[in-house]
Amino acid sequence: MQLAGVRTAAAGDATSISRLLAEAIRSSYAGMLDEIPLRRLISTQCALPRIRAEIEIPGGAPGWLGWLVAERPEGGLVGAAACGVPVPGEGELYALAVEEGARRRGIGTALLAAATDRTRDYDAREQRVQLPVEADPALPFYRAQGFTSLGPMRWGRAVQGPERGGARTRGR
């Protein structure tokens with residue numbers, strides 16, 4: 001599968017993001033979470049009104065940097081990520097999902113790179129992610145990307161600052 005690219009989500013992407021997240025959660029955590037916690041996770045993370053509002057406020061809420069999407073060359077979303085810098089110096093990956101049939105093709109890596117770049121632009125020196133379960137199926141991906149355990153379901157890594165004028169910046 002060829003990837004057309006990663007871009008900032010637009011208002012018209014909200015339904016696709018919601019559906020993609022719900023399908024990714026179901027396929028990843030069915031059998032790991034009981035039905036009620038699984039439904040709760042989906043309803044919390046995939047609520048269409050919430051995603052619509054979040055798309056419309058990048059930079060408008062403290063620490064929120066918005067949604068990114070990956071799409072096929074012929075159109076259609078295959079992945080989504082959301083990120084922010086809720087605490088000075090600490091980037092947070094709030095969501096990262098790739099369509100089940102498109103996994104292991106570099107899409108998650110491209111989305112993570114774009115989210116990392118976005119948080120670096122706001123002086124993040126570290127990046128964190130909170131996973132729903134200890135034995136999360138995404139752990140091999142995050143480990144391969146340099147994340148280390150900060151707790152049973154919390155992972156993080158150091159990220160370098162963006163290149164500016166030949167020198168790296170370390171925050172404002």
Side-chain angles (χ1 to χ4, degrees), residues 6-71 76-104 107-116 118-119 122 124 126-143 145 147-157 159:
V6 174
R7 62 174 172 78
T8 299
D13 295 324
T15 301
S16 295
I17 292 170
S18 176
R19 186 176 306 118
L20 187 130
L21 284 173
E23 290 170 3
I25 290 169
R26 269 189 216 97
S27 69
S28 296
Y29 301 110
M32 297 185 90
L33 292 172
D34 290 332
E35 186 63 26
I36 292 174
L38 183 63
R39 286 182 185 202
R40 188 175 303 128
L41 183 61
I42 290 169
S43 70
T44 302
Q45 298 299 314
C46 309
L48 188 54
R50 176 184 149 201
I51 293 169
R52 279 190 181 128
E54 289 171 345
I55 287 172
E56 295 185 14
I57 60 164
W64 174 251
L65 299 179
W67 283 95
L68 297 161
V69 294
E71 60 186 346
L77 301 186
V78 291
C83 64
V85 181
V87 176
E90 287 187 20
E92 185 77 23
L93 186 65
Y94 296 116
L96 177 61
V98 175
E99 192 176 82
E100 190 171 18
R103 293 178 186 165
R104 300 188 183 279
I107 297 165
T109 301
L111 284 162
L112 179 60
T116 302
R118 188 170 276 193
T119 59
Y122 287 83
E126 298 176 10
Q127 188 173 42
R128 310 244 192 262
V129 64
Q130 180 78 29
L131 302 173
V133 296
E134 284 186 48
D136 198 287
L139 279 178
F141 169 79
Y142 287 113
R143 283 187 185 120
Q145 300 299 321
F147 284 80
T148 58
S149 178
L150 302 173
M153 295 181 288
R154 188 97 171 123
W155 292 75
R157 68 177 180 171
V159 294

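In what follows, residues are counted from 1 in the order of the sequence shown.
- Considering only heavy atoms from C-beta on, Leu65 stays 4.5 Å or farther from Tyr94 through its side chain.
- Annotation for Leu77 and Ser16: closest pair CD1-CB, 3.6 Å, computed over non-hydrogen atoms.
- What you find for Gly84 and Thr119 is that their closest heavy atoms are O-CG2, 3.5 Å.
- Closest heavy-atom contact between Val159 and Ala124: CG2-O, 3.5 Å.
- Side-chain atoms of Leu96 and Val129, non-hydrogen and from C-beta on, never get closer than 4.5 Å to each other.
- Put simply, the residue from Asp34, Ile42, Ile36 that forms a side chain to side chain contact (heavy atoms under 4.5 Å, CB included) with Leu38 is Ile42.
- Salt bridge status for Glu126 with Arg157: absent, with no side-chain N to carboxylate O gap under 4.0 Å.
- There is a side-chain donor-acceptor pair under 3.5 Å between Tyr29 and Asp136.
- In this structure a side-chain-to-backbone donor-acceptor pair under 3.5 Å is missing from Thr44 to Leu41.
- There is no side-chain donor-acceptor pair under 3.5 Å between Trp64 and Glu54.
- One distance of note links SG of Cys83 with CD of Glu92; it measures 10.0 Å at 0.5 Å rounding.
- The heavy-atom pair separating Val6 from Ala110 by the smallest distance is CG2-CB, 4.0 Å.
- Note that the OH atom of Tyr142 and the CG atom of Leu131 stand 6.0 Å from one another [nearest 0.5 Å].
- Of the possible donor and acceptor atoms, none in the side chain of Trp155 sits under 3.5 Å from a partner among the backbone N and O of Gln130.
- Side-chain atoms of Thr8 and Arg118, non-hydrogen and from C-beta on, do get closer than 4.5 Å to each other.
- In this structure, Leu93 and Arg128 have side chains that are not in contact, with every pair of non-hydrogen atoms separated by 4.5 Å or more.
- Side-chain atoms of Ser28 do not come within 3.5 Å of backbone N or O of Ile25 as any donor-acceptor pair.
- Listed here is the closest heavy atom pair of Val98 and Ala24: O-CB, 4.4 Å.
- Counting only heavy atoms from C-beta outward, the side chains of Gln127 and Leu112 approach each other to under 4.5 Å.
- Looking at Arg7, its side chain never comes within 3.5 Å of a backbone N or O of Ala70 through a donor-acceptor pair.
- In this structure, the side chains of Leu48 and Thr15 come closer than 4.5 Å at one or more pairs of heavy atoms.
- When all heavy atoms of Val69 and Ala9 are compared, the pair lying nearest together is CG1-CB, 4.0 Å.
- Between Leu21 and Arg26 there is no side-chain heavy-atom pair separated by less than 4.5 Å.
- Residues Val85 and Glu90 form no side-chain contact, since every pair of their non-hydrogen atoms from C-beta on lies 4.5 Å or further apart.
- With hydrogens and angles disregarded, a donor-acceptor distance shorter than 3.5 Å links the side chain of Ser18 to the backbone of Cys46.
- No salt bridge links Arg19 with Glu23; every basic N to acidic carboxylate O contact stays at or beyond 4.0 Å.
- A salt bridge does not link Arg103 with Glu99: none of the charged nitrogens is closer than 4.0 Å to a carboxylate oxygen.
- Salt bridge annotation for Arg52-Asp13: absent, with no cationic side-chain nitrogen under 4.0 angstrom from a carboxylate oxygen.
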